[in-house]
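Below is one structure, written out as structure tokens, with a few remarks after it.
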Amino acid sequence: MKAAVVATAGGAVPEDRDFHDPEAGEGRRIVDLVATAIHPVVRAKASGGHYSSTGQFPLVPGVDAVARTADGTLVYTGDVEEPWGTFAERMAVSMALPLPGGTDPVAVAAGMNPGMSSWMPLTGHVDEHRTPDTVMILGVTGAAGGLAVQNAQALGVPRIIGVGRGADDLMRVAGLGAETVHIVGSKEADAAAIGAALDGKAPDLVLDFLWGSAAESAFQALADIPGGATSYVEIGGAAGEQATVPASLLRSRPFRLSGSGIGSFDMRRYVHQVSTYVQLIADGKVKVDAQAYPLSRVGEAWTAPAGPRPVLIAG
């Protein structure tokens with residue numbers, strides 16, 4: 001079959017090549033590709049540097065997809081065993097959730113991975129406590145950050161604070177309904193900017209797509225606000241894999257630090273929320289910015305400049 005193939009670790013661009021067909025083991029079935037997106041996690045796994053990488057090469061990248069079953073049903077799927085991935089004409093899958101009629105498969109392929117990264121902690125907070133009064137999003141100008149703003153709105157969050165860089169990008173985020181905070185990379189200055197936006201009231205929930213020094217600025221700003229319970233969820237590490245957490249912050253208030261990743265979820269809740277989120281996309285309640293490329297043009301899609309999420313389609 002035709003597939004996008006990465007020959008070795010280290011960040012090589014996938015090539016359009018022939019690859020051996022997947023094997024449908026127990027509990028799996030073969031489905032045909034419709035659409036699959038190039039997410040940051042896909043790039044990280046393809047480089048061999050992601051925490052979930054197995055080190056098997058050559059491999060077919062891709063973590064999730066919209067596919068067609070033998071009876072023609074469109075499904076959202078993933079959980080493909082390496083060295084196979086979703087960047088291929090066919091894949092062997094265990095999960096296959098039917099899409100509502102009329103759903104745009106490109107939007108689902110582009111939106112599910114980045115959208116679920118914030119949907120899971122947002123709905124988990126609602127389930128455990130209530131709808132948060134204030135959600136702060138670090139790294140709001142990325143695709144996942146923009147979807148996090150829309151997700152918070154869909155859940156009825158009254159106040160959304162988006163923290164990020166770039167005046168034009170922050171203006172776009174403001175158009176989605178978030179208050180914005182412009183950070184510049186100086187820990188002290190960024191802490192002051194975040195603190196000014198919070199204005200003495202700790203957020204109920206922080207969604208952090210940056211970590212690193214940006215998280216340290218947020219911790220400093222939060223430590224200067226007396227009281228207030230905060231759940232802080234680390235989702236991505238775009239600003240660095242390490243961040244120092246002040247002991248005083250942990251001791252001075254109810255402060256919960258956790259992560260959002262596929263290894264951190266109760267899979268039964270995850271599957272239930274996947275169905276809910278597919279419906280949100282189908283209903284147009286969250287908008288996904290995507291650009292489609294044929295699977296054979298994977299190299300062009302992989303190296304495309306920052307912008308709409310690249311999606312590979314069959315054909």
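Here the structure is a predicted model, which means the values were calculated and not measured.
When all heavy atoms are compared, the tightest approach of Ile194 to Ala221 is CG2-CB, 3.8 Å. Across Thr141 and Gly164, no two heavy atoms sit closer than the pair CG2-CA, 4.5 Å. Closest heavy-atom contact between Val157 and Ile160: CG1-CG1, 4.1 Å. Between Leu210 and Gly139 the shortest heavy-atom distance is CD1-N, 3.4 Å. In terms of heavy atoms, Val286 sits closest to Asn151 at CG1-OD1, 3.5 Å. Taking every heavy atom of both residues into account, Ile235 and Ser118 meet most closely at CD1-CA, 4.4 Å.
In the hydrophobic clustering (ILVMFWY side chains linked at under 4.5 Å, chained through shared members), Val311 is joined by Val106, Ile313.
Formation of a donor-acceptor pair under 3.5 Å by the Ser260 side chain with backbone atoms of Ser117 is found in this model. The backbone N or O of Ala301 sits nowhere less than 3.5 Å from a side-chain atom of Gln291 that would complete a donor-acceptor pair. Proximity of a side-chain donor or acceptor of Gln150 to a complementary backbone N or O of Lys287 within less than 3.5 Å is detected. Between the side chain of Asp16 and the main chain of Leu295, no donor-acceptor pair closer than 3.5 Å is present. Remark: the backbone N or O of Asp204 is not paired with any side-chain donor or acceptor of Thr134 at under 3.5 angstrom. Using modelled atom types, no side-chain atom of Thr103 and backbone atom of Leu99 make a donor-acceptor pair closer than 3.5 Å. When atom types are taken as modelled, the side chain of Thr86 and the backbone of Asp64 share a donor-acceptor pair closer than 3.5 angstrom. Side chain of Arg159 to main chain of Glu179: no donor-acceptor pair is present (N/O by atom type, distance under 3.5 Å, no hydrogens or angles). In this structure, Arg253 contributes its side chain and Gly227 its backbone to a donor-acceptor pair below 3.5 Å. Thr230 places a side-chain N or O within donor-acceptor distance of the main-chain N or O of Pro203, the cut-off being under 3.5 Å.
Atom CD1 of residue Ile161 and atom CG of residue Leu138 lie 10.5 Å apart, to the nearest 0.5 angstrom. Remark: Thr69 OG1 to Arg29 CZ distance equals 5.5 Å, nearest 0.5 Å.
Side-chain contact between Val233 and Val206: absent, with no pair of heavy atoms (C-beta onward) separated by less than 4.5 Å. For the pair Met95/Tyr76, a side-chain contact is recorded, criterion being any heavy-atom separation below 4.5 Å from C-beta on. Annotation: side chain of Val66 is not in contact with side chain of Thr36 (no heavy-atom distance under 4.5 Å). With a 4.5 Å cut-off on side-chain heavy atoms, Leu122 and Leu207 count as touching.
In this structure, Arg130 pairs ionically with Asp133, as a charged nitrogen and a carboxylate oxygen lie closer than 4.0 Å. Between Glu82 and Lys45 there is a salt bridge, since at least one side-chain N of the basic residue sits less than 4.0 Å from a carboxylate O of the acidic one. By the 4.0 Å N-to-carboxylate-O rule, Asp79 lies close enough to Arg28 to be salt-bridged with it. Classification of Asp21 and Arg90 as a salt-bridged pair holds, one side-chain N sitting under 4.0 Å from a carboxylate O.
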I would like to know whether Arg165 and His182 meet side-chain hydrogen bond (donor to acceptor under 3.5 Å, both in side chains); could you show each step before the answer? CA-CA 5 Å; Arg165 296 188 184 186; His182 191 189; over 6 Å; no
Evaluate the side chain to side chain contact (heavy atoms under 4.5 Å, CB included) criterion for residues Val274 and Met116: first the C-alpha distance (whole Å), next the side-chain angles of each, then the deciding distance (0.1 Å), finally the verdict. CA-CA 7 Å; Val274 162; Met116 286 294 291; 3.7 Å; yes
Residues Met120, Tyr270; criterion side chain to side chain contact (heavy atoms under 4.5 Å, CB included); working and verdict: CA-CA 7 Å; Met120 289 297 290; Tyr270 177 76; 4.0 Å; yes
Could you go step by step and tell me if Arg269 and Thr123 meet the side-chain hydrogen bond (donor to acceptor under 3.5 Å, both in side chains) rule? CA-CA 10 Å; Arg269 190 174 85 82; Thr123 53; 3.1 Å; yes
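Between Phe255 and Tyr232, the angle of the ring planes lies from 30° to 60°, which puts this pair in the tilted group. Relative orientation of the Tyr277 and Trp119 rings is tilted, given thresholds of 30° and 60° on the angle between their planes.
Gln220 and Asp224 are not linked by any side-chain donor-acceptor pair at a separation below 3.5 angstrom, with hydrogens and angles left out of the test.
Pairs of residues two or more places apart, or lying in two chains, that qualify as salt bridge (charged side-chain N to carboxylate O under 4.0 Å, His left out) and include a residue from residues 210-220 are Lys187-Glu216.
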